[in-house]
K.L.:
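Got a structure for you, questions after.
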Amino acid sequence: MGPFEYITAAAVNAVKALYNVDAADNLIQTQPTRKEFEGDVTLVTFPLLRTSHKSPEATATEIGQWIKDNCGEIASFNVVKGFLNIKLSGAFWSDTLKNIASAPNYGQLPETGKTVMVEFSSPNTNKPLHLGHVRNNLLGWSVSQLLSANGHNVIKVNLVNDRGIHICKSMIAWLRCGDGITPEKAGKKGDHLIGDYYVKFNDLYKEEVAELTAAGMSQEDAEKNAPILKEAQAMLVKWEQGDPQVRALWKKMNDWVYAGFDQTYAALGISFDKTYYESNTYLLGKSLVEEGLKKGVFERHDDNSVWCDLTADGLDKKLLLRSDGTSVYMTQDLGTAVSRYNEYHFDEHIYVVGNEQNYHFQVLKLILKKLGFDWSDAIYHLSYGMVELPEGKMKSREGTVVDADDLIEKMYTTAKETSQELGKLEGMTEEEKDELYMMLGLGALKYFIIKVDPKKTMLFDPKESIDFNGNTGPFIQYTHARIRSILRRAQDKPQSTDAELLPKEESLIKILASYPDKIREAGIAHSPAIIANYAYDLAKEFNQYYHDTQILKEPDTAIRAQRLLLIETIARVLTHSMGILGISLPERM
RNA sequence: GGUUCGAUAGCUCAACUGGAUAGAGCAUCAGAUUUCUAAUCUGACGGUUCAGGGUUCGAGUCCCUGUCGAAUCACCA
């Protein structure tokens, strides 16, 4: 039993004994005692005043006295205003440590039997991944891990937007000026190569628009009628008609991109249980549109386009099929959602998608509802904030996009330089060192991104490299390496004993004991940031403890064994919590 | 213009869902290595929580009003 459960139960009994009232949950409010006061758990008595009919101080004192007299594990209590601070006994904390240490998989909550699908990454196949995708990928991955730890059955899925006008643009540009180039010939990852041709398309498009306006056409008409754009649109129609040549080229270029993506995913340590392709689901989307038309949920306009009128729900009209019959983003998302539900009957479906698409998901849920799919309530849009640069949004036009592969490379290099400067890696092979540099570089990057509350916009300054000191991934990795180094050297076995605990040790155990609550809290909030900050608190507390406490040199065998058990448990919890974030911890660094 | 979200130390972020004197890191300054890892630790400095009202024992947190910022409302995805 954790400290909070213990005190809550005691308080319920006290209220029953003193006032003859069965306290409802919201009457018993506990919280960790603040550092400046003595105690472990604080009972807030304000909600109880109506029951006790006494002053806050008198109520707190009365309950404190009753608990001290009637419960075994209370060391002392004190009252400050309406706050009852209770200090638990040393024995309580040694027992707690013992229980945590002997739990086979501490941090893993019991199975719930619920199936949760998490969609994340969802790249377009016309350009390489950038920093925004990195946040998406790390968030999606860690939320999946987090929900697994909460006992759910998690299915990680990716949806590749492999068809659409965007990829047609890259194809057209490649046909016009690619001269048969391949990733091998160019010596470049496939996703980067295709990205180059997407940029090329926009350059050509701009040139054509300029020519047309120079010839007297209005800006608006020129933008609509530029030949290269017409060509791309015609290609999309051909694609939907299944034209063999278009399909062959499309497949070839997409495969280049996938090879590139796979490398980036591997570097980030990310994988999926299943990958969906828009090219496979858009047809189901189109058939849903037909169904909706029959049901009268949608309407066909004179120009043959299909719309859903949401004005009665306070939204706008939404396009579902273009006048040329091709589908849009929403069309395929409808199809994807339905096929997934039919296959998995998920209890919850989380979409990890940026907050720029809040409107899209509002509409998606609403349209599914209108089509009669009641499970649309199970859809949850995990809407995360954008990553911004000091000068604002990343813009490919201005070349400010932070490329994912470049960033990973840079983190690796920085880790390498720092490690070499510190020079603590004697005896390691080059291969081991290399692995370590990558682990540290990625640790810094991942922690930097995940520690921020997902829904907040975050800032990344490319000019200042991501820190390796302070509240960072490497700080926690370093803490772990320190602990492992002691444990490697230890002669005796970590063991629970009845040796007396230092105050710092009790507070460390307190943090360890709160871990399952943190997992639960973070799961409900869909926020791995809570886990990141927890791990930091634990690591920081350990480093303070470590600074002024002897462990291996402690002469008393019982104390030494218990300290070893404590730090070993800390290492385990750090490993588990950082594992949720996808960050590995080294044996030494 | 409508809708949604945000604003906390110079900078980047916390604050256990309404609790006590709003906390960390970075940066700046001053310290700690014959000792189990100094990628660490100890101090100092740093705040009208955007502004103004309201709700109550108590508000960074909830409710109005305003200011500023972002996203979105596409035959883009």
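Predicted model only: the values in this text are computed from it and were never measured. Every chain is numbered from 1, with letters handed out A, B, ... down the list of sequences.
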K.L.:
Roughly how many Å apart are B:C68 and B:G54, using the P atom of each and rounding to a whole number?
P.N.:
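Comparing P positions in B:G54 and B:C68 gives a spacing of 24 Å.
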K.L.:
Let me know the distance between CE of A:Met235 and C1' of B:C76, rounded to the nearest Å.
P.N.:
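Whole-Å distance recorded here is 18 Å.
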K.L.:
With heavy atoms under 4.0 Å as the rule, sort A:Gln550 into base, sugar-phosphate or nothing.
P.N.:
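Contact class for A:Gln550: base.
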K.L.:
Would you measure the distance from the P atom in B:U65 across to the matching atom in B:U28 and give it in whole Å?
P.N.:
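That atom pair is separated by 45 Å.
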K.L.:
Can you name the atoms? Protein N/O to nucleotides 7-13 of chain B N/O, anything below 3.5 Å, with the distance.
P.N.:
{"from": "B:C13", "atom 1": "OP1", "to": "A:Leu459", "atom 2": "N", "distance (Å)": "2.8"}

K.L.:
NA contact type, A:Ile486, heavy-atom cut-off 4.0 Å: base, sugar-phosphate, or nothing?
P.N.:
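Sugar-phosphate only.
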K.L.:
Given that both distances must come in under 3.5 Å, which nucleotide forms a Watson-Crick or G-U wobble pair with B:U17?
P.N.:
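None - no nucleotide pairs with B:U17, as no candidate has both distances under 3.5 Å.
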K.L.:
Counting Watson-Crick and G-U wobble pairs only, both distances under 3.5 Å, name the nucleotide matched with B:U61, or none.
P.N.:
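No nucleotide pairs with B:U61.
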K.L.:
Of A:Lys318 and A:Leu552, whose nearest nucleotide on RNA chain B comes first from the 5' end?
P.N.:
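Its nearest nucleotide lies further toward 5', so the answer is A:Leu552.
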K.L.:
When you compare the side chains of A:Asn161 and A:Tyr329, does any donor N or O come within less than 3.5 Å of an acceptor on the partner?
P.N.:
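Their side chains do not contain a donor-acceptor pair, so the 3.5 Å distance test is not met.
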K.L.:
Can you label the angle between the A:Phe46 ring and the A:Phe83 ring as parallel, tilted or perpendicular, going by 30° and 60°?
P.N.:
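Plane angle over 60°, so perpendicular.
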K.L.:
From CE of A:Met589 over to C1' of B:U37, roughly how many Å is that when rounded to an integer?
P.N.:
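Answer to the nearest Å: 10 Å.
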K.L.:
Does a side-chain N or O of A:Arg489 approach OP1 or OP2 of B:U37 to a distance below 4.0 Å, or not?
P.N.:
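Affirmative; the distance criterion is met.
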K.L.:
Going by distance alone, is a donor N or O of one side chain under 3.5 Å from an acceptor N or O of the other, for A:Asn78 and A:Asn85?
P.N.:
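Distance-only check passes for A:Asn78 and A:Asn85.
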K.L.:
Could you check A:Leu315 against A:Lys393 and say which one's nearest nucleotide on RNA chain B is further toward the 5' end?
P.N.:
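By nearest-heavy-atom nucleotide position, the 5'-most residue is A:Leu315.
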K.L.:
Counting any heavy atom closer than 4.0 Å, what does A:Ile165 reach on the DNA or RNA strands: base, sugar-phosphate only, or nothing?
P.N.:
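Answer is sugar-phosphate: A:Ile165 comes under 4.0 Å of backbone atoms only.
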K.L.:
Parallel, tilted or perpendicular for A:Tyr536 and A:Phe475, by the 30°/60° rule?
P.N.:
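Tilted, since the angle between the ring planes falls between 30° and 60°.
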K.L.:
I'd like to check the side chain to side chain contact (heavy atoms under 4.5 Å, CB included) partners of A:Arg50; sequence neighbours left out, ordered by chain and number.
P.N.:
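Residues passing side chain to side chain contact (heavy atoms under 4.5 Å, CB included) with A:Arg50: none at all.
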K.L.:
When the C1' atoms of B:G18 and B:A51 are considered, how many whole Å apart are they?
P.N.:
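Their C1' atoms lie roughly 22 Å apart.
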K.L.:
If you take all heavy atoms of A:Asn254 and A:Asp162, which pair is closest and at what distance?
P.N.:
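Here A:Asn254 and A:Asp162 meet closest at ND2-O, 3.2 Å.
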K.L.:
Which value, in whole Å, describes the distance between the C1' atoms of nucleotides B:U49 and B:C13?
P.N.:
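Those two atoms are separated by 14 Å.
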K.L.:
Atom NZ of residue position A:Lys410 - does it have more than 12 heavy atoms of other residues, nucleotides or ligands inside 6.0 Å?
P.N.:
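Counting neighbours around NZ of A:Lys410, more than 12 heavy atoms of other residues, nucleotides or ligands fall under 6.0 Å, so yes.
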K.L.:
When the C1' atoms of B:G53 and B:U48 are compared, how many Å lie between them, rounded to an integer?
P.N.:
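Those two atoms are separated by 16 Å.
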K.L.:
For the C1' atoms, the ones on B:U8 and on B:A24, what distance do you get once it is rounded to whole angstrom?
P.N.:
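These two C1' atoms come out 13 Å apart once rounded.
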K.L.:
Looking at B:U37, which nucleotide sits across from it as a Watson-Crick or G-U wobble partner, both distances under 3.5 angstrom, or is there none?
P.N.:
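Checking every strand shown, B:U37 finds no partner, since no pair has both distances under 3.5 Å.
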K.L.:
Just the rounded figure in Å: distance from P of B:G58 to CG of A:Leu49.
P.N.:
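Atom CG in A:Leu49 sits about 13 Å away from atom P in B:G58.
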K.L.:
Rounding to the closest angstrom, what is the interatomic distance between B:C63 and B:A59 at atom P?
P.N.:
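B:C63 and B:A59 have their P atoms separated by 16 Å.
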K.L.:
For a quick check of understanding: with a heavy-atom distance under 4.0 Å over all strands, which category does A:Gln477 fall into, base, sugar-phosphate or nothing?
P.N.:
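If one applies the 4.0 Å heavy-atom cut-off, A:Gln477 turns out to touch nothing in the nucleic acid.
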K.L.:
Side chains of A:Asn137 and A:Ser121: any donor to acceptor distance under 3.5 Å?
P.N.:
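Side chains of A:Ser121 and A:Asn137: pair found under 3.5 Å.
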K.L.:
Need the pair for B:C68. Rule: Watson-Crick or G-U wobble, both distances under 3.5 Å, any strand; none if unpaired.
P.N.:
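Answer to the pairing question: B:G6, which forms a Watson-Crick or G-U pair with B:C68.
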K.L.:
If you only use heavy atoms from C-beta on, which nucleotide in B:A20, B:G19, B:U17 is closest to the side chain of A:Pro47?
P.N.:
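Among the listed nucleotides, the one closest to the side chain of A:Pro47 is B:G19.
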K.L.:
I want to verify the glycosidic state of B:U17; is it syn or anti under the 90° rule?
P.N.:
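Base orientation: syn.
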K.L.:
Both distances below 3.5 Å, Watson-Crick or wobble geometry, any strand: find the nucleotide opposite B:U42.
P.N.:
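Partner of B:U42: B:A30.
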K.L.:
Taking atom C1' of B:A27 as reference, at what distance in whole Å does atom CG of A:Asp461 sit?
P.N.:
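Whole-Å distance recorded here is 13 Å.
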K.L.:
Could you check how far CE of A:Met330 sits from P of B:U72, rounded to whole Å?
P.N.:
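For the pair A:Met330 CE and B:U72 P, the rounded distance is 15 Å.
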K.L.:
Taking only side-chain N and O atoms of A:Lys224, does any of them lie within less than 4.0 angstrom of OP1 or OP2 on B:C76?
P.N.:
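The answer is no; no side-chain N or O of A:Lys224 sits under 4.0 Å from OP1 or OP2.
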K.L.:
Could you go over nucleotides 40-45 of chain B and give all protein N or O partners under 3.5 Å, atom names and distances?
P.N.:
{"from": "B:U40", "atom 1": "OP1", "to": "A:Gly470", "atom 2": "N", "distance (Å)": "3.1"}
{"from": "B:U40", "atom 1": "O2'", "to": "A:Arg482", "atom 2": "NH1", "distance (Å)": "3.1"}
{"from": "B:C41", "atom 1": "O2'", "to": "A:His547", "atom 2": "ND1", "distance (Å)": "3.2"}
{"from": "B:U42", "atom 1": "OP1", "to": "A:Gln544", "atom 2": "NE2", "distance (Å)": "3.2"}

K.L.:
Please give, in whole Å, the distance from B:A77 C1' to A:Leu320 CG?
P.N.:
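Spelled out: CG on A:Leu320 to C1' on B:A77 is 15 Å.
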K.L.:
Compare the ring of A:Phe83 with the six-membered ring in the base of B:A20 and state whether they stack (centres under 5.5 Å, planes under 30°).
P.N.:
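One would call A:Phe83 stacked on the B:A20 base.
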K.L.:
Without decimals, in angstroms, what is the distance between A:Leu321 CG and B:A77 P?
P.N.:
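Rounded to the whole Å, the gap is 12 Å.
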K.L.:
Determine: side-chain N/O of A:Arg322 to OP1/OP2 of B:C76, distance under 4.0 Å, yes or no.
P.N.:
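Yes, because at least one side-chain N or O of A:Arg322 sits under 4.0 Å from OP1 or OP2 of B:C76.
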K.L.:
So A:Asn85, base contact, sugar-phosphate only, or nothing? Heavy-atom distance under 4.0 Å.
P.N.:
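Touches a base.
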K.L.:
Select one nucleotide: of B:U4, B:G23, B:U35, the one nearest the side-chain heavy atoms of A:Asn358.
P.N.:
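Looking only at side-chain atoms, A:Asn358 lies closest to B:U4.
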K.L.:
For A:Thr42, report the nucleic acid contact type (base, sugar-phosphate, nothing); a contact means any heavy atom under 4.0 Å.
P.N.:
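Contact class for A:Thr42: base.
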K.L.:
Find the distance A:Leu84:CG to B:G19:P and express it as a whole number of Å.
P.N.:
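Nearest whole value for this atom pair: 18 Å.
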K.L.:
I'd like to know whether the aromatic ring centres of A:Tyr534 and A:Tyr515 sit less than 6.0 Å apart in this structure.
P.N.:
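Yes: the rings meet the under 6.0 Å criterion.
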K.L.:
On a whole-Å scale, what distance lies between the C1' atoms belonging to B:A77 and B:U72?
P.N.:
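Approximately 14 Å lies between the C1' atom of B:A77 and that of B:U72.
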K.L.:
On the ring face of A:Tyr277, is A:Arg163 found with NZ or CZ under 6.0 Å from the centre and within 45° of the axis?
P.N.:
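Geometry flag: not set, cation outside 6.0 Å or 45°.
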K.L.:
So, is A:Arg488 near the phosphate of B:U37, with a side-chain N or O under 4.0 Å from OP1 or OP2?
P.N.:
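Indeed not, no polar side-chain atom of A:Arg488 lies that close.
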K.L.:
Can you check whether A:Arg50 has a side-chain N or O nearer than 4.0 Å to OP1 or OP2 of B:C57?
P.N.:
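A:Arg50 to B:C57 OP1/OP2: no side-chain N or O under 4.0 Å.
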K.L.:
Answer yes or no: does atom CD of A:Glu299 have more than 12 heavy-atom neighbours from other residues, nucleotides or ligands under 6.0 Å?
P.N.:
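Counting other residues, nucleotides and ligands, CD of A:Glu299 exceeds 12 neighbours.
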K.L.:
Using the rule for Phe, Tyr, His and the six-membered ring of Trp, do A:Phe46 and B:G58 stack at under 5.5 Å and under 30°?
P.N.:
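Base of B:G58: not stacked against A:Phe46.
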K.L.:
Restricting to non-hydrogen atoms, name the atom on A:Ser327 and the atom on A:Tyr282 that form the minimum distance, rounded to 0.1 Å.
P.N.:
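Closest approach of A:Ser327 to A:Tyr282: OG-CD1, 3.5 Å.
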K.L.:
Classify the nucleic acid contact of A:Pro32 as base, sugar-phosphate or nothing, counting any heavy atom under 4.0 Å across all strands shown.
P.N.:
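Base, at least one base heavy atom under 4.0 Å.
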K.L.:
Starting the side chain at C-beta, find the nucleotide from B:C73, B:U4, B:U37 nearest to A:Asp316.
P.N.:
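My answer, after comparing the listed nucleotides, is B:C73.
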K.L.:
With respect to A:Tyr545, which candidate in A:Lys504, A:Lys540, A:Glu505 satisfies the side-chain hydrogen bond (donor to acceptor under 3.5 Å, both in side chains) definition?
P.N.:
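Going through A:Lys504, A:Lys540, A:Glu505 one by one, the side-chain hydrogen bond (donor to acceptor under 3.5 Å, both in side chains) with A:Tyr545 is satisfied by A:Glu505 alone.
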